[in-house]
Amino acid sequence: MPHDPDPPPAKKFKPGSPFFRLDKKPVMLLPRKGITQLPIDVQRKQLPIYQAKSQLINQLRQLHNAVLIGETGSGKTTQIPQYLYEAGIGRQGIIAVTQPRRVAAISLAGRVAEEKKSQLGKLVGYTVRFEDMTSSETKLKFMTDGMLLREAIVDPLLLRYTVVILDEAHERTIHTDVLFGVVKSAQRKRKEQNKIPLKVLVMSATMDVDLFSQYFNKSPVLYLEGRQYPIQIYYTKQSQSDYLQAALVSIFQIHQEAPPSHDILVFMTGQEEIEALARTCRDIAKHLPDTCGPMTVIPLYASLPPAQQLRVFQPAPKGCRKVILSTNIAETSITISGIKYVIDTGMVKAKRFNPDSGLEVLSVQRVSKAQAWQRAGRAGREDAGSCYRLYTEEEFDNLASMTVPEIQRCNLAGVLLQLLALGVPDVLNFDFMSRPSPESMRTAVEQLDLLGAVERRGDQISLTPLGKKMACFPLEPRFAKTILVSPEFSCAEEVLTIVSLLSVDSVLYNPPARRDEVVAVRRKFVSSEGDHITLLNIYRAFKKVSGNKEWCRENFVNSRNMSLVAEVRTQLRDICIKLGLKLESSHLELAKVRRCLAHGMFTNAAELQPDGTYVALDTHHPVAIHPSSVLFQAKPAYVIFNELLHTSRCYMRDLCLVDPDWLQEAAPEYFRRKLHATKS
DNA sequence: GAGCACTGC
């Protein structure tokens, strides 16, 4: 242990609320231990929700809307669709169950197919991007919420469906929030037009119940009662100035006192601090007295290679304690069994969006109460557990009650384009459950206007023919625009590649310890024309060796992301073919490609100033070239960039050298204003 | 001369 004269924070803990849930909140269902060894139909009947089956069916038969409350894993997601189907409710069409995440949709479909003793893709199926496991026989369909939203563009009344179940609604993803409005409107219109009614069920953990119920015509809230393993909550007596130190001390406090089979899950903010704390823990664990057992420390975050992520599921050797240091990936996406203790730093790294500057800032912030409960809940999935909050009870009381829904903190251009494509008559007054700010709506309309996607007549906004085509692409509007103008420059093939590369996580792997090697190996791809062309060179080389894994390793290319790029590209290319676009290659004439990029992404342009700094032309904010760019040492007069990242300075990332004439011809009026303003 | 939580179409 470090020499710390103060008593460790864990000693200062006092018991807080004795149970996980607050008073009056319903108790949650959780699957019983050992249930998986039983035959499948016995398992189904042992789920506590089974007791409520006939009552639930009676209620759901009559209701058009209902809000169902119950913890994830209660069995509600797998059982209720089956109950409806077995009771003949909604048999004329399909019962859809939406999920925020692909893996959830896929694994739930697998589970339910197994329970129905039916081959996956027949009665029970799933649809996610790049994968459709459904057939004409499919009646129970699990899908990502984004996928149902895409379908709604073709069929705004969702006529294939008789029931839509929006699961995990409390997560409030941007897709779920838009779907709320879409299903509500479809339901009303189908009623007005005397079509088969649409039943809408919203499933959630305990948060936001009133909001959901109010929004869906004051629909009844059905509570699924059951058992909940109690979780003891502890708060610190005093506010902690250093949550990392507090976490460290708490880990070893628990380690010295608790039986070794009890695992610890620590919620932290990011890769760097996780790796640093992991090293410190391992060092300290080496020098502990023999009375203390050994400890394995496992980091967990999304950018970790899959094989290393799997380590969190392996049980520690007997007598050894498992300590998992995780980002919020373990809040929802990854469920680890055997967790007895949760340590919650109370902090999270999250993106914030400033609609005025169009700037996204990634910053460390306090969690919401809802998030804190979600984290605590990870200690009580199989048995009673404890949660140590590294903040005082008063600090907890002052937290925001829920996380601000995604729709209120991101760029809305894509959402508005989608709503317009859905035929929503008055987008600015769309019936959002949580309305985004008027400024961010205005910014989005302006952006779409600049791209030529919309026409404005007074308050009326409608799609132009170009806008209609843009909405066909599962992309940010500016990327869709770039693809659509590419035939004019005879470079669609190259632009498809570049847009695909920009719309997934980076394909470049940069282990800091091998920096010199990375620089040397990457030299052969570098283009003086910028990062876009450099990426294109890497993709071309990757294709030349047919995606060889060994080649990826040698060249520090992330093969998982590169394969995803290829999949995205195929999808985008298919859409181009459906739209009848002329797909040509510019081959070696890469200036054509850059000119095309300038036409699609002119809103992200920057100009070199006489003093050697850069100014973003859109906002006149001072910006700088990110050191990871191949243009870092260069001083091009004009560039376009893919994104701005505000850290120590405001950095442009992924740059492409452009000619100012191209910008002028792409948006003459806009640049007359912008260039003039800069010079004055 | 930096350093990036998590999803998804």
Side-chain angles (χ1 to χ4, degrees), chain A residues 98-105 127-132 143-154 168 171-179 267-276 300-304 309 326-334 345 347-352 360-365 367 371 374 403 405-407 409-410 414-415 417-418 421 470-477 479-480 500 503-506 508-513 515 519 564 567-568 571-572 574-575 624-629 631-633 642-654:
Chain A
T98 70
Q99 294 292 323
R101 281 170 293 279
R102 293 164 53 93
V103 274
T127 304
V128 297
R129 190 182 190 183
F130 308 129
E131 249 190 297
D132 184 11
M143 62 206 300
T144 43
D145 43 20
M147 212 61 219
L148 185 59
L149 210 51
R150 277 276 141 204
E151 285 190 12
I153 295 180
V154 188
E168 310 285 10
E171 289 192 26
R172 305 292 305 274
T173 69
I174 195 159
H175 289 151
T176 323
D177 263 39
V178 177
L179 268 181
F267 282 103
M268 304 176 50
T269 69
Q271 171 175 354
E272 205 175 296
E273 71 178 28
I274 285 174
E275 293 292 358
L300 178 64
Y301 43 87
S303 61
L304 217 53
Q309 284 190 2
S326 174
T327 61
N328 43 352
I329 193 171
E331 263 173 40
T332 48
S333 303
I334 291 179
T345 59
M347 305 304 276
V348 65
K349 203 176 278 182
K351 224 171 219 173
R352 280 187 193 163
E360 290 181 327
V361 183
L362 199 61
S363 65
V364 174
Q365 309 161 30
V367 296
Q371 234 175 331
Q374 181 72 31
T403 311
E406 200 182 355
I407 198 145
R409 45 185 177 92
C410 67
V415 169
L417 185 68
Q418 215 158 18
M470 282 166 64
C472 298
F473 290 92
L475 290 172
E476 282 178 48
F479 289 156
S500 304
S503 62
V504 306
D505 284 340
S506 176
L508 307 179
Y509 175 54
N510 296 314
R515 217 188 62 177
V519 171
L564 189 60
E567 270 191 295
V568 170
Q571 186 189 28
L572 300 179
D574 287 346
I575 296 169
I625 300 180
H626 195 275
S628 66
S629 171
L631 294 180
F632 181 65
Q633 311 275 5
N642 188 43
E643 61 175 356
L644 284 177
L645 181 78
H646 196 118
T647 50
S648 57
R649 299 166 77 181
C650 195
Y651 285 110
M652 304 179 274
R653 290 210 313 182
D654 293 323

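Just so we're on the same page: letters track the sequence lines, and every chain starts at 1. All values below were derived from every heavy atom in this structure, side-chain atoms included, with hydrogens, water molecules and symmetry-related copies excluded.
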With a 4.0 angstrom cut-off to heavy atoms of chain A, pull out the first and last contacting nucleotide of DNA chain B, in 5'-to-3' order.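 The contacted stretch runs from dG1(B) to dC9(B).
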Over all strands shown, is [X] touching base, sugar-phosphate only, or nothing at heavy-atom distances under 4.0 angstrom?
{"X": "Thr173(A)", "value": "nothing"}
{"X": "Tyr651(A)", "value": "sugar-phosphate"}
{"X": "Arg649(A)", "value": "nothing"}
{"X": "Arg129(A)", "value": "base"}
{"X": "Gln571(A)", "value": "nothing"}

Reading DNA chain B from 5' onward, which residue's closest nucleotide shows up sooner: Gln418(A) or Gln633(A)?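 It is Gln633(A) whose nearest nucleotide is closer to the 5' end.
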With DNA chain B as reference, determine whether Glu272(A) or Asp505(A) sits nearer its 5' end, using the nearest nucleotide of each.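 With Glu272(A) and Asp505(A) compared, the 5'-side residue is Glu272(A).
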For Asn328(A), give me all partners under side chain to side chain donor-acceptor pair (under 3.5 Å), at least two apart in sequence or on another chain.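 Asn328(A) satisfies side chain to side chain donor-acceptor pair (under 3.5 Å) with no other residue.
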Basic-acidic side-chain contact under 4.0 Å: Arg101(A), Glu171(A):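 Answer for the salt bridge query: yes.
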Keeping the roles fixed (side chain from Gln271(A), backbone from Tyr301(A)), state whether a donor-acceptor pair exists under 3.5 Å.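 No: the side chain of Gln271(A) does not pair with the backbone of Tyr301(A).
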So do the side chains of Thr327(A) and Met268(A) get within less than 4.5 Å of each other, counting heavy atoms only?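 Thr327(A) does not reach Met268(A) side chain to side chain.
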Please identify each residue that fulfils ring pair (Phe, Tyr, Trp, His ring centres under 6.0 Å) with Tyr651(A), with sequence neighbours left out.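 With sequence neighbours excluded, Tyr651(A) shows a ring pair (Phe, Tyr, Trp, His ring centres under 6.0 Å) to His626(A), given in chain and number order.
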Separation between CZ of Arg150(A) and OG1 of Thr144(A), rounded to the nearest 0.5 Å: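 That separation rounds to 11.0 Å.
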